[in-house]
Amino acid sequence: MHHLSEQEQIRRNKLVELEKAGVQPYPSELFDVTFYAQEILDNYHPELNNFQEVSLAGRLMSVRVKGKASFAELQDASGRIQLYINRDEICPGEDKELYNTVFKKLIDLGDFVGVKGHVFKTMVGETSIHVKELTFLSKSLRPLPVVKETVDEQGNKTTYDAFTDPEQRYRQRYVDLVVNPHVREAFIKRTQLVQAMRNYLNDKGYLEVETPILQPLYGGASARPFKTHHNTLDMTLYLRIANELYLKRLIVGGFDGVYEFSKDFRNEGMSRFHNPEFTQMELYVAYKDYYWMMDLVEEMVERVALQLHGKTEVQVGDNLINFQRPWQRFTMFEAIQHFSGVDISEMDEAALRETAKTLHVPLDPSMGKAKIIDELFGELCEGKLIQPTFITDYPVEMSPLAKKHRSKPGMVERFEAICNGKEICNAFSELNDPIDQRMRFEEQLELAKRGDTEAMVLDEDFLRALEYGMPPTAGLGIGIDRLSMIMTNSNSIQDVLFFPQMKPEKLETTKADKDAAGEE
RNA sequence: GAUUCUGUAGCUCAGCUGGUAGAGCAGUACACUUUUAAUGUACGGGUCCUGGGUUCGAAUCCCAGCGGGAUCACCA
């Protein structure tokens, strides 16, 4: 138990006083809610005389006592609406305790109440609930930050004492959500984004599936995994870094379109674009290739933008991004030529190194040809690609699960979509030649031997599946957090994750902490 | 991981070249029956992130640590 502040102690005292006054601070029975605040604000018209019997519940966010009548604001899941509470209306008889003691003394900002009454407009024109019945629903023992707002004649909002400290906002997201309505909006948009994608994929007839998160071998991406241990089996398990290899097994098994929204885990650095656990949507469709998949991505993302914003344009920082089809398409070489003026498509490693030097792109001596090309692209192009753009045809060395290009030696049939200077998806014609796949895995093993901690591991069972035969397949991975950042104009991944990963704060040690420590 | 900024009341913040800690909101008490950042009067509230050091004296200066933000590097 932490040390109680003066205000917390006062609220605890009020809890006792409420019970003495015969008011349950945490009643059990349901409270029947018939309307949301926003519905009333949107649809109430005095001449229609509508909303004459309403029942709402929520948190009291402000109270202005004016003697025997008071104004308060009730915040429910939809928004805020003003309450008008008149002493003699909620206390029709001789006993005025509900108003004088319970409402005026024992109810605090943040407490949950239910109200019944009718809607009207005050003299200054504010749509309000004329409260006839006030029901106490739940006591709040900690004071919430009090954020105030004014709106001038032009409709410009000025906020006072906004709750802005990022650390507190992320650690106590519940508080952030209560007092910062824009935060709630961003998360609703994220959910709508996922729903729009799911609806799109379901309309196409693809099957949403679930594959293991705890895996004996990790694969499908180049990344370091989290490692854990299963006690009964006494074996090491890894948290998945991607779901690619399991989904392809399902294509082998005869499903011809499968997708999964998956939490993946990568044991790597954190930044405003990286959280240790993040969400991807991966999709695999049989008998298709990467050109087909590009069309799908365009259509799906355009549809997401339309569903979230009602238009294909989305403001992201200083950029207005337009998701309308078709998107620009560049091969990697074309993109580099476009932004640097240099055609590197026929260059060997030495010439590439020379080019990098003249373009001031720093290189590491250990980098091979493919890595240099990737570096050139990353340095010269990626940040400049603001409008959604497909970059196609990557060096084979960097894509061990992608099919070799049908006509360009040394390349694979792969594309990424870049938007606002960042990758939002990665896709390819899937490698389904089991002999080629085995060789690619073996090359990864070589990389690992040379110290590459992110090299892929060889998955015998996956190869066995491929040997039974997998149809030509197009595969896609799309970063949901990244796409959410764009669609909600968020500058940090922490703004699209309810509970971003943080170092533990100093709270009193709990029993669970001690147990966990004891087991190590 | 590097650089840099930052940590003071429940919240948002001031606190200068070191001298017993301040404001607004929130809280408490009183007044006020259509107010709206309600208003008026009075009052209470602090581990100045933690630990060392310098000093007669540290929120302030120095060192170390912890948390957070931003930028950069690796990665989705």
Side-chain angles (χ1 to χ4, degrees), chain A residues 2-11 13-14 61-73 80 82-89 99 104-105 108-110 120-128 130 140-152 157-172 175 179 220-224 241-242 264-282 362 364 375 378 416-418 422-426 453-454 477-483 485 491-494 500 502-507:
Chain A
H2 72 291
H3 175 260
L4 293 180
S5 70
E6 183 191 38
Q7 297 198 39
E8 287 174 298
Q9 192 54 59
I10 288 169
R11 286 180 180 228
N13 296 343
K14 289 179 180 182
M61 297 304 285
S62 78
V63 175
R64 296 180 288 278
V65 177
K66 284 204 69 207
K68 298 181 185 61
S70 298
F71 293 92
E73 280 175 288
R80 286 191 191 188
Q82 180 171 268
L83 307 179
Y84 173 71
I85 299 169
N86 184 307
R87 186 193 69 181
D88 297 327
E89 303 253 9
Y99 184 79
K104 275 170 67 176
K105 306 273 184 192
D108 286 299
L109 299 188
F120 76 115
K121 266 191 205 285
T122 62
M123 288 170 92
V124 275
E126 174 97 13
T127 300
S128 310
H130 194 124
S140 163
L141 293 180
R142 286 180 190 248
L144 288 164
V146 179
V147 181
K148 297 200 174 187
E149 214 177 57
T150 49
V151 185
D152 66 15
K157 282 184 188 168
T158 313
T159 304
Y160 301 85
D161 300 329
F163 179 63
T164 50
D165 177 15
E167 180 172 2
Q168 296 204 72
R169 288 187 44 225
Y170 300 145
R171 287 198 195 281
Q172 300 187 51
V175 174
V179 302
S222 299
R224 293 167 65 190
I241 58 171
D264 291 344
F265 306 84
R266 299 191 185 173
N267 208 338
E268 294 168 342
M270 290 164 63
S271 77
R272 73 189 182 92
F273 291 105
H274 299 87
N275 194 66
E277 56 182 285
F278 65 102
T279 305
Q280 278 202 98
M281 195 285 294
E282 287 193 32
D364 200 88
E375 202 63 24
E416 292 188 357
I418 316 283
K422 275 279 170 187
E423 174 191 339
I424 56 168
C425 84
N426 181 19
T453 53
E454 297 186 343
I478 184 160
I480 298 301
D481 314 281
R482 294 279 176 86
L483 190 61
M485 285 171 68
N491 195 44
S492 168
I493 198 167
Q494 297 174 114
M502 305 276 272
K503 286 197 183 180
E505 66 182 315
K506 273 180 283 175
L507 289 172

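Below, chains carry the letters A, B, ... as their sequence lines are ordered, and counting in each starts from 1. Just so you know, these numbers come straight off a predicted model, no measurement behind them.
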No-H, no-angle donor-acceptor pair, A:E6 side chain to B:G27 base, under 3.5 Å: no
Centroid distance under 5.5 Å and plane angle under 30°, A:Y160 vs B:A37: yes
Atom pair CD1 (A:I480) and CZ (A:F278), whose distance is rounded to the nearest 0.5 Å: 11.0 Å
C1' spacing across the pair B:U8 / B:U50, given as an integer number of angstrom: 15 Å
Distance, C1' atom - from B:A9 to B:C25, rounded to whole angstrom: 12 Å
Under-4.0 Å side-chain N/O to phosphate OP1/OP2 contact, A:R64 with B:A38: yes
Touch class at under 4.0 angstrom, heavy-atom based, for A:A221 against every strand present: nothing
Distance-only donor-acceptor test (3.5 Å): side chain A:D161, base B:G24: yes
Separation between the C1' atoms of B:G24 and B:A37, rounded to whole Å: 11 Å
Residue-phosphate contact under 4.0 Å: A:R272 side-chain N/O, B:U71 OP1/OP2: yes
Touch class at under 4.0 angstrom, heavy-atom based, for A:V65 against every strand present: base
Donor/acceptor link under 3.5 angstrom from A:Q82 side chain onto base of B:U35: yes
Nearest-angstrom distance, P atom, B:A21 to B:C16: 13 Å
Sugar-phosphate, base or nothing in reach of A:S70, heavy atoms under 4.0 Å: nothing
Euclidean distance, atom CG of residue A:D165 to atom C1' of B:G67 [Å, nearest integer]: 10 Å
Distance, P atom - from B:G27 to B:A70, rounded to whole angstrom: 32 Å
Sugar-phosphate, base or nothing in reach of A:D88, heavy atoms under 4.0 Å: base
P spacing across the pair B:U60 / B:G7, given as an integer number of angstrom: 12 Å
C1' atoms of B:A26 and B:U34, separation to the nearest Å: 25 Å
Interatomic distance, A:N426 CG vs B:A76 P [rounded to whole Å]: 8 Å
B:U34 phosphate, OP1 or OP2, under 4.0 Å from A:K66 side-chain N/O: yes
Rounded distance in Å - CD (A:Q7) to C1' (B:C25): 11 Å
Geometric class of the A:Y84/A:F71 ring pair [parallel <30°, tilted 30-60°, perpendicular >60°]: tilted
Distance-only polar pair, side chains of A:S222 and A:E454, donor-acceptor under 3.5 Å: no
N/O (side chain, A:Q168) to phosphate O (OP1/OP2, B:C11) under 4.0 Å: yes
B:G68 base / A:E167 side chain donor-acceptor hit below 3.5 Å: no
Touch class at under 4.0 angstrom, heavy-atom based, for A:G479 against every strand present: nothing
For atom CE of A:M270 and atom P of B:A70, their distance in whole Å: 11 Å
ring centroid sep under 5.5 Å plus plane angle under 30, A:F273 with B:A76: no
Sugar-phosphate only, base, or nothing, as touched by A:V124 at under 4.0 Å among non-hydrogen atoms: base
Protein-nucleotide distance (A:L83, atom CG; B:U35, atom P), rounded to Å: 16 Å
Sugar-phosphate only, base, or nothing, as touched by A:Y84 at under 4.0 Å among non-hydrogen atoms: base
Check: B:A76 base within 3.5 Å donor-acceptor of A:E423 side chain: no
B:G40 to B:U20 separation - C1' atoms, rounded to the nearest Å: 33 Å
Side chain of A:K105 - closest among B:A70, B:G68, B:C30: B:C30
Which nucleotide in B:U33, B:U28, B:A38 has an atom nearest any side-chain atom of A:K148: B:A38
Phosphate contact (B:G69 OP1 or OP2) by A:Q494 side-chain N/O below 4.0 Å: yes
Closest to side chain of A:K14, choosing from B:U28, B:U34, B:G68: B:U28
Heavy-atom closest pair, residues A:R171 and A:K503: NH1-O, 2.6 Å
Closest non-hydrogen atom pair between A:H3 and A:E8, with its separation: O-OE1, 4.0 Å
